[in-house]
Colleague: 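Pasting in a structure now, in structure tokens, and then I'll have a few things to ask.
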Amino acid sequence: MGDEKVATGLGRVVLVVEDEGAIRELIHFHLARAGFSVAEAADGLEALAAWQSARPDLVVLDLMLPEMDGLAVCRAIRRQAMTPILMLTAKGDEADRVSGLDLGADDYMVKPFSPKELVARVRALLRRTAPTDELLRIGALVLDRPAQRVTVAGEAVTLTLTEFSLLRCLIEHPGRVLSRRFLLQEVWGYDFFGDSRTVDVHIHHLREKIGERSDVLIETVRGAGYRLVGEER
Ligand code: CA
């Protein structure tokens, strides 16, 4: 993923979520002309379905949407991936901008905006969020963040998105004890009110999938949480 690809937009998929057809088409037109592949959604629920199927490299997300608003869409995406999100807001309302950024949007633009500036922001955001270290390794375990793939000793391990996010969180903090509360927030999101046994169940599944075959262990630290241990390479 070099800068050239980003500069031309080739091969990059952008999901445009906007309920106003004219604006959606305008954005689509300018992104397509810049070389991006474009997927569209007209409301929040459609946005999540399109995000699952198109696996976009970036999401342009309107704040005010029918069915499910932009903030809820943003939270739902953030629970599963770090896909860069450019928020659009009609109001220029400070509180909306702040909460959008708090919830994990990477940038925002206030309507009306120039389509050329939007394309420039999309490019800048893709450059800024390009992973510098795509592969995380510990012991025989390799986690490929952009591809969302995990291998143990070269063999692919099939994980659910939640298991992947949980493992990514553990491997991003090797050797550190992570509390169930921290893991709930990082993996399930700030508004998740489930109990911490949810974490235990998913840890159990992860251990079954990676534990048997590898020199990497997910340790239970009594009264504290979990820790990933293995030889850093
Ligand atoms: Ca709207």
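Heads up: numbering here begins at 1 and tracks the sequence. Values in this document were obtained by computation on a predicted structure and should not be read as measured data. All ligand and atom numbering here is 1-based and tracks the order in the structure.
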Colleague: Show every ring-ring contact (aromatic ring centres under 6.0 Å, His included) that has at least one partner inside residues 37-60, sequence neighbours left out.
Modeller: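 ring-ring contact (aromatic ring centres under 6.0 Å, His included) check on residues 37-60 returns no pairs.
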Colleague: Decide whether L31 and F113 are clustered together by the hydrophobic rule: side chain heavy atoms of Ile, Leu, Val, Met, Phe, Trp, Tyr closer than 4.5 Å, transitively.
Modeller: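 Same cluster: L31 reaches F113 through Ile, Leu, Val, Met, Phe, Trp or Tyr contacts under 4.5 Å.
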Colleague: To the closest 0.5 Å, what do you measure between CD (E163) and NE2 (H204)?
Modeller: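 Reported to 0.5 Å precision, the distance equals 11.0 Å.
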Colleague: About how many Å separate CG of L141 and CG of L170, when rounded to the nearest 0.5 Å?
Modeller: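 So the CG of L170 and the CG of L141 are separated by 10.0 Å.
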Colleague: Is it true that R168 and E186 make a salt bridge, defined as a side-chain N closer than 4.0 Å to a carboxylate O?
Modeller: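 Salt bridge absent between R168 and E186.
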Colleague: Between D62 and K111, is the closest basic N to carboxylate O distance under 4.0 Å?
Modeller: yes
Colleague: No waters, cut-off 3.0 Å: how many protein N, O or S atoms are close to the Ca ion (ligand 1)?
Modeller: 3
